[in-house]
Amino acid sequence: MADVLLTSVRPDGPFSLSELLKSGQLFHWEPMVWQGREGHAGCLGDSGVTWIGQPDETTVLIRSVDPGEVVRYFGLDHAMGAIQAAFPQGDAVLAEAIRFSPGLRIARQPTWECLATFITSSLKQVAHIRAISMLLRQRWGELHEWEGRFFRAYPRPEMLAEAGEDALRECGMGYRAKSLHRAAVAVAEGRVDLASLQDAADLDAARAALLELHGVGEKIANCTLLFGCGCWEAFPIDVWIERILRQLYRKRLKGARLQQWAVDHFGEHAGYAQQYLFHFARKNL
DNA sequence: ATGCAGGTCCTTT
DNA sequence: AAAGGACCTGCA
């Protein structure tokens, strides 16, 4: 750890760290000034504490034992030109949403952390999702010390399985404790193989595997695929997305039909489009 | 204080 | 298939 250096990265296309950290995908990054630089710090996977800052639009600074892992996590290597070229070109609403926050990315989180966090997110506001995440880390996450501060990794499924439903409930997640605990047990016992969902070629099969879990419906399954498995075609529909599709796209469809329309309309990177629309809807509708 | 928030499940039509 | 109600908690 002694010879960990600061790495400078130039993102492919527009990138905004602050927008990404506020976008409702990631919940545990903490502001931290390091060596006089503004930035954020947190645990990323098993690589200990990572620090990241963005001094200007085209420069991202990373302090990690594995900078490549950080690049993949924050999506700094995504070819935004090519991704947006695959969007429907006549879509003025999407174009406006992209103009509204061009620096957004789809981060790629560790799958379990992503799944578990979204299980605790149902019918919750971002601030509370964050509070639950931090409490879980505090109680069962691996401790890392860096520059005199303490950080916690997201608890492994084995830890939450062993903790039990009642202890999870004490972290303020209410009825979601049952779902989280059962998911932790299922993953710990190997009944669900999250590794097999990575970059899934068969999206429907991957989604079906996640839907087996109690407390995981279409929305959370799609969030897990999009934010935790690299499946950019997955299109989570929450109240905000439903609102923008109804108000600005004049779509009255519901559930599976709306889902199908969205994937047909937005194409192979529908999930990426979803993220721009979600952020736009949250700020403007 | 009553209502509501990034859903899901179970029951009834 | 589609609609209605219940479910924990915290905050306005």
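These numbers come from a predicted model, not from an experiment. Here is the naming used below: chain letters follow the sequence lines, and residue numbers restart at 1 for every chain.
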Looking across every strand, which nucleic acid part, if any, lies under 4.0 Å from [X] by heavy atom: base, sugar-phosphate, or nothing?
X      : answer
A/F118 : nothing
A/I220 : sugar-phosphate
A/L213 : sugar-phosphate
A/T120 : nothing
A/V126 : base

Whole angstrom value for the distance that separates [atom2] of [N] from [atom1] of [X]:
X      : N      : atom1 : atom2 : answer
A/L258 : C/dA2  : CG    : C1'   : 15 Å
A/I132 : C/dC8  : CD1   : P     : 14 Å
A/Y175 : C/dG10 : OH    : P     : 13 Å
A/R182 : C/dC7  : CZ    : P     : 17 Å
A/R130 : C/dC11 : CZ    : C1'   : 17 Å
A/L253 : C/dA1  : CG    : P     : 16 Å
A/K254 : C/dA1  : NZ    : C1'   : 14 Å

Keeping [X] on the side-chain end and [Y] on the backbone end, is there a donor-acceptor pair under 3.5 Å?
X      : Y      : answer
A/E145 : A/G148 : yes
A/Q247 : A/L245 : no
A/R63  : A/W51  : no
A/R152 : A/G141 : yes

| Nearest nucleotide by nearest heavy atom, which residue falls closer to the 5' end of DNA chain B, A/G217 or A/R176? | A/R176

| query | Between A/G24 and A/G215, who's closer to the 5' end of DNA chain B by nearest nucleotide? | reply | A/G24

| side-chain N/O A/R257 vs C/dA1 OP1/OP2, d < 4.0 Å | no

| message | Does the structure place the NZ or CZ of A/R243 under 6.0 Å from the centre of the six-membered ring of A/W240, at an angle of no more than 45° from the ring's axis? | response | yes

If the [atom1] atom of [N] is compared with that of [M], how far apart are they to the nearest Å?
N     : M      : atom1 : result
C/dA3 : B/dG6  : P     : 22 Å
C/dC8 : B/dT11 : P     : 15 Å
B/dC4 : C/dG5  : C1'   : 16 Å

| query | Are A/Y272 and A/M80 close enough that some pair of their side-chain heavy atoms sits under 4.5 Å apart? | reply | yes

| query | With under 30° as parallel and over 60° as perpendicular, where do the rings of A/H269 and A/W232 fit, or are they tilted in between? | reply | perpendicular

| task | Go through the side-chain N and O atoms of A/R137 and A/H28 and say whether any donor and acceptor fall under 3.5 Å apart. | result | yes

| query | Given that both distances must come in under 3.5 Å, which nucleotide forms a Watson-Crick or G-U wobble pair with C/dA12? | reply | B/dT2

| query | Between which nucleotides of DNA chain B, 5' to 3', does chain A make heavy-atom contacts below 4.0 Å? | reply | B/dA5 to B/dC9

